[in-house]
Enquirer: 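Below you will find the structure I want to go over with you.
Chain letters run A, B, ... following the sequence lines, proteins first, then strands; residues in each count from 1.
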Number of protein chains: 2
Amino acid sequence: MESDRRRRPTLDTVAAAVGVSRATVSNAYNRPDQLSSSLRERILETARSLGYAGPDPVARSLATRSSAAVGFMLPQGLSGAFSDPALSIVLDGLASTVDGHDHSLVLMPGDATGGPRPSIVSRAQADVMVAYSLPDLAPALDAVAARGLPLVVIDQPVLPDSARVEVQDYTGASAAAAHLLGLGHLRFGVLTFALHPDGVSGPVSHERRSAVPFRVSRDRLGGYLDTLEKGGVKPDNVPVWEARGSDRELGRLGARWLMTRTPRPSALLCTSDQLAFGALQAARDLTLTVPGDISVVGFDDVPEAAYSDPPLTTVRQPLADKGRRAGELALELLAGGRPPRPTRLDVSLVERASTAPRT
Amino acid sequence: MESDRRRRPTLDTVAAAVGVSRATVSNAYNRPDQLSSSLRERILETARSLGYAGPDPVARSLATRSSAAVGFMLPQGLSGAFSDPALSIVLDGLASTVDGHDHSLVLMPGDATGGPRPSIVSRAQADVMVAYSLPDLAPALDAVAARGLPLVVIDQPVLPDSARVEVQDYTGASAAAAHLLGLGHLRFGVLTFALHPDGVSGPVSHERRSAVPFRVSRDRLGGYLDTLEKGGVKPDNVPVWEARGSDRELGRLGARWLMTRTPRPSALLCTSDQLAFGALQAARDLTLTVPGDISVVGFDDVPEAAYSDPPLTTVRQPLADKGRRAGELALELLAGGRPPRPTRLDVSLVERASTAPRT
DNA sequence: CAGCATGACTGAAGCGCTTCAGGAGCGCTA
DNA sequence: TAGCGCTCCTGAAGCGCTTCAGTCATGCTG
């Protein structure tokens with residue numbers, strides 16, 4: 001079994017078998033124009049019959065100083081992460097971009113600290129890292145810096161020397177709040193995903209609202225609350241529930257709490273569509289009608305938002321573009337480019353049937 | 001900028017700075033017991049001040065002939081893949097297992113062929129591959145074989161020399177069908193995810209039902225149809241809709257078609273919970289009640305199945321275990337073990353409120 | 001004090017590949 | 001036929017690390 005692994009053919013094996021130099025065999029794979037096509041054919045044929053599957057990726061990476069992979073760092077474990085389709089869409093955009101350039105994707109799931117363990121990051125074979133929604137000051141980010149790897153940041157910490165793609169979270173949230181205000185609502189509730197990476201769900205105390213390490217949460221919550229305040233609604237009178245993740249079930253739980261406050265809010269602002277879907281479910285549980293008894297708005301505009309019952313009023317952000325852009329940036333940095341100015345993608349309010357004037 | 005990358009310190013840099021041999025510096029990182037702790041401290045300290053972030057992962061991989069990564073091959077692109085929480089759960093189980101052993105996860109999304117492109121597989125830096133639900137004969141599998149990498153297969157092709165973890169799909173499907181038969185149903189419809197990797201959705205013709213390359217689809221569909229036949233229901237009289245993926249929206253589409261056949265089926269068998277949720281939605285769209293007008297059963301028992309409206313009768317499979325087991329197998333193969341006998345996980349029917357006797 | 005473990009460190013041989021400065025051969029031109 | 005520019009191929013120097021067989025003091029035993 002030792003010999004199993006040891007006996008694998010290498011470039012030299014093939015070179016010897018064909019009777020050419022190792023460089024020539026290498027060229028057969030990487031620079032077809034450097035040798036006659038007949039020789040190339042002969043080399044490839046011999047390689048095949050020897051069971052040689054092409055240049056070893058690791059050795060090639062060492063020699064070229066490039067591992068042709070982009071690392072993707074997540075704030076959470078995978079199951080939590082993918083319960084929100086927003087991430088899948090972003091990741092798909094990213095994956096198809098880098099895949100098209102023959103790069104692969106190394107996933108680094110996070111743990112309780114709100115990011116991957118630094119040791120994972122130090123050992124990851126990737127030559128550019130993408131940070132997705134990590135909290136400010138995540139240790140993983142130090143590990144990236146220590147390795148001197150180029151970094152592209154989606155949606156989160158503002159770091160020197162990193163490429164960024166983000167979305168007008170504050171503006172979008174603000175528009176959603178203004179929409180509700182415009183409909184005459186006076187009593188609100190806010191349902192947000194994690195403000196802190198500690199895995200806590202529950203009503204949000206005053207101090208927990210400040211110093212929020214997740215920028216996205218901070219901006220959306222801020223956009224909601226500031227706008228309400230400008231509209232004459234005291235933030236202190238707005239109950240806020242923090243769900244530790246962004247999925248329906250957690251949303252349902254939080255919404256139930258919000259919908260049973262006295263007096264009951266007539267409008268709910270949610271920081272994601274998933275949470276909003278949970279809220280729709282909670283309303284059904286409580287036999288409240290949406291938007292009759294209570295208006296609900298989401299954030300993201302995932303495809304399903306158009307089909308929910310009722311269809312969701314939400315803030316659209318271009319998720320696939322976000323991923324694609326991140327992929328492009330990663331590739332650019334890899335090519336030696338300096339981080340360009342941050343890409344800021346637009347958001348827009350999509351009015352559907354889950355909001356209505358206060359009755 | 002050239003120099004930026006070139007100037008990165010290496011083991012030698014640190015060795016020279018401290019005045020020891022390179023081997024000693026290497027030992028400082030990998031075998032603390034091989035040197036005095038005071039020297040080790042000094043080395044680490046110097047490394048830090050030099051901006052050396054630890055041994056280069058690629059070089060280390062080459063020297064150790066191990067890249068400490070497991071490759072994960074998917075049948076589809078990422079966005080489609082993750083719209084079904086079942087995959088997230090499996091992947092999370094896998095990720096936490098391998099992560100615990102300091103291995104990382106390389107994702108290889110598939111394309112229209114039903115698996116990752118072979119070139120991606122040939123170049124992936126992983127020393128064991130796991131195939132998730134790939135179709136039989138996927139080209140990616142040849143690429144794995146060509147490289148001589150150990151392989152663990154989840155849910156799909158039966159390959160010589162691979163470790164396997166699978167689920168009693170046929171048995172589970174059969175139990176679901178028997179349950180419905182026992183409730184007195186006579187007219188059925190089947191809603192399945194992809195039978196073929198060609199991205200086609202629609203009613204399933206007779207020939208398309210045979211030679212199904214996805215084993216899971218084959219077994220579940222077979223389990224449904226065979227059991228119905230034994231119960232006296234001709235498979236040819238059972239309309240089958242194939243959705244190209246496993247998400248709600250596709251399920252809703254297919255279910256709408258199935259629910260508008262004449263005569264209308266009184267029971268729907270779905271190959272996944274996501275499709276079943278779509279069916280629940282379709283019923284609402286058509287103002288049919290579940291289970292009053294039509295019974296619906298799913299497959300997987302994802303967490304949400306317990307909370308849907310109505311809660312879903314479904315076939316439970318241990319998703320997280322599946323992922324964990326795959327991770328363990330991968331690690332075992334890496335350690336040089338031979339593929340053990342296939343792990344077959346049990347399924348069981350969970351009766352909830354989406355099925356009822358025929359009225 | 002000879003003999004011998006033991007602990008601490010080193011030299012050098014790889015790991016499998018890419019790349020670049022040439023060299024050899026060959027058909028053209030002037 | 002000298003000279004030139006091609007095309008096709010090679011030699012050798014790395015890429016940054018691990019590992020294993022030693023070497024060299026040092027302290028301990030009998």
Side-chain angles (χ1 to χ4, degrees), chain A residues 2-3 5-43 46-47 50-68 122-125 127 147-149, chain B residues 2-3 5-43 46-47 50-68 122-125 127 147-149:
Chain A
E2 274 291 334
S3 46
R5 294 193 146 265
R6 283 286 43 67
R7 214 178 287 299
R8 302 241 86 215
T10 74
L11 265 196
D12 283 309
T13 321
V14 177
V18 180
V20 296
S21 80
R22 185 198 332 174
T24 301
V25 181
S26 172
N27 283 335
Y29 284 95
N30 303 312
R31 311 191 164 183
D33 56 308
Q34 294 296 296
L35 34 55
S36 65
S37 60
S38 64
L39 176 56
R40 179 172 133 94
E41 221 9 276
R42 199 148 55 86
I43 289 175
T46 309
L50 253 38
Y52 179 73
D56 178 275
V58 175
R60 161 200 287 252
S61 288
L62 181 59
T64 58
R65 296 180 226 41
S66 135
S67 47
S122 323
R123 307 165 101 100
Q125 293 180 24
D127 24 43
R147 284 184 60 179
L149 290 179
Chain B
E2 274 291 333
S3 47
R5 292 192 146 263
R6 282 285 45 67
R7 214 179 287 300
R8 301 241 87 215
T10 74
L11 265 195
D12 284 308
T13 321
V14 178
V18 180
V20 296
S21 81
R22 183 199 334 171
T24 300
V25 180
S26 172
N27 284 335
Y29 284 95
N30 303 312
R31 311 192 163 183
D33 57 309
Q34 294 295 297
L35 35 53
S36 65
S37 59
S38 65
L39 176 56
R40 178 173 134 92
E41 220 13 274
R42 198 148 55 87
I43 290 174
T46 309
L50 252 39
Y52 179 72
D56 178 274
V58 174
R60 164 200 286 252
S61 288
L62 180 59
T64 59
R65 295 181 225 42
S66 135
S67 47
S122 318
R123 306 165 102 100
Q125 294 182 25
D127 24 44
R147 283 184 61 180
L149 290 178

Enquirer: Hey, does A/Val58 reach any base, or is it just sugar-phosphate, or nothing, if we go heavy atoms under 4.0 Å?
Expert: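 Result for A/Val58 = nothing.
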
Enquirer: With a non-hydrogen cut-off below 4.0 angstrom, is A/Thr24 in contact with a base, only sugar-phosphate, or nothing?
Expert: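 Result for A/Thr24 = base.
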
Enquirer: Test of understanding: with side-chain hydrogen bond (donor to acceptor under 3.5 Å, both in side chains), list the residues that count as partners of A/Thr46, not counting sequence neighbours.
Expert: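 Result, side-chain hydrogen bond (donor to acceptor under 3.5 Å, both in side chains) vs A/Thr46: none returned.
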
Enquirer: Under 4.0 Å between any heavy atoms, over every strand shown, what does A/Tyr29 touch: base, sugar-phosphate, or nothing? Just pick one.
Expert: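 Counting heavy atoms under 4.0 Å across all strands, no contact is made by A/Tyr29.
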
Enquirer: Reckon A/Arg65 has a side-chain N or O less than 4.0 Å from the OP1 or OP2 of D/dC15?
Expert: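 A/Arg65 to D/dC15 OP1/OP2: no side-chain N or O under 4.0 Å.
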
Enquirer: Select base, sugar-phosphate, or nothing to describe what B/Thr10 touches, counting heavy atoms under 4.0 Å on all strands.
Expert: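 Touches sugar-phosphate only.
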
Enquirer: Going by the rule salt bridge (charged side-chain N to carboxylate O under 4.0 Å, His left out), which residues pair with A/Arg123 if we only count those two or more places apart in sequence or in a different chain?
Expert: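 By the salt bridge (charged side-chain N to carboxylate O under 4.0 Å, His left out) rule, A/Arg123 matches no residue at all.
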
Enquirer: Considering only residues two or more places apart or on different chains, which pairs with a residue in residues 9-28 of chain B satisfy ring-ring contact (aromatic ring centres under 6.0 Å, His included)?
Expert: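 Matches after skipping sequence neighbours: none remain.
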
Enquirer: Polar pairs (N or O, both sides) under 3.5 Å between protein and nucleotides 19-28 of chain C?
Expert:
unit_1	atom_1	unit_2	atom_2	d
C/dT19	OP2	A/Arg31	NH2	3.4

Enquirer: Is A/Ser36 near enough to D/dC9 that one of its side-chain N or O atoms lies under 4.0 angstrom from OP1 or OP2?
Expert: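 The answer is yes; a side-chain N or O of A/Ser36 sits under 4.0 Å from OP1 or OP2.
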
Enquirer: May I ask you to say what A/Leu35 touches in the nucleic acid, namely base, sugar-phosphate or nothing, with a heavy-atom cut-off under 4.0 Å?
Expert: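 The residue A/Leu35 makes sugar-phosphate contact but no base contact.
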
Enquirer: Would you say B/Gln125 and B/Ser61 are linked by a side-chain donor-acceptor pair, where the criterion is simply a distance under 3.5 Å?
Expert: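 Result is no, nothing qualifies.
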
Enquirer: Can you sort out the partners of A/Arg60 under side-chain hydrogen bond (donor to acceptor under 3.5 Å, both in side chains), two or more places apart, ordered by chain and number?
Expert: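 side-chain hydrogen bond (donor to acceptor under 3.5 Å, both in side chains) list for A/Arg60, sorted by chain: A/Asn30.
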
Enquirer: May I have all residue pairs that pass ring-ring contact (aromatic ring centres under 6.0 Å, His included) and include part of residues 20-43 of chain A, sequence neighbours excluded?
Expert: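 Sorted pair list: A/Tyr29-A/Tyr52.
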
Enquirer: Between C/dT10 and B/Ser21, is there an OP1 or OP2 to side-chain N/O distance shorter than 4.0 Å?
Expert: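 It does, given that an N or O in the side chain of B/Ser21 lies less than 4.0 Å from OP1 or OP2 of C/dT10.
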
Enquirer: Return whichever of B/Gly19 or B/Ala59 has its heavy-atom-nearest nucleotide of DNA chain C closer to the 5' end.
Expert: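 First, find each residue's nearest nucleotide; the 5'-ward one identifies B/Gly19.
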
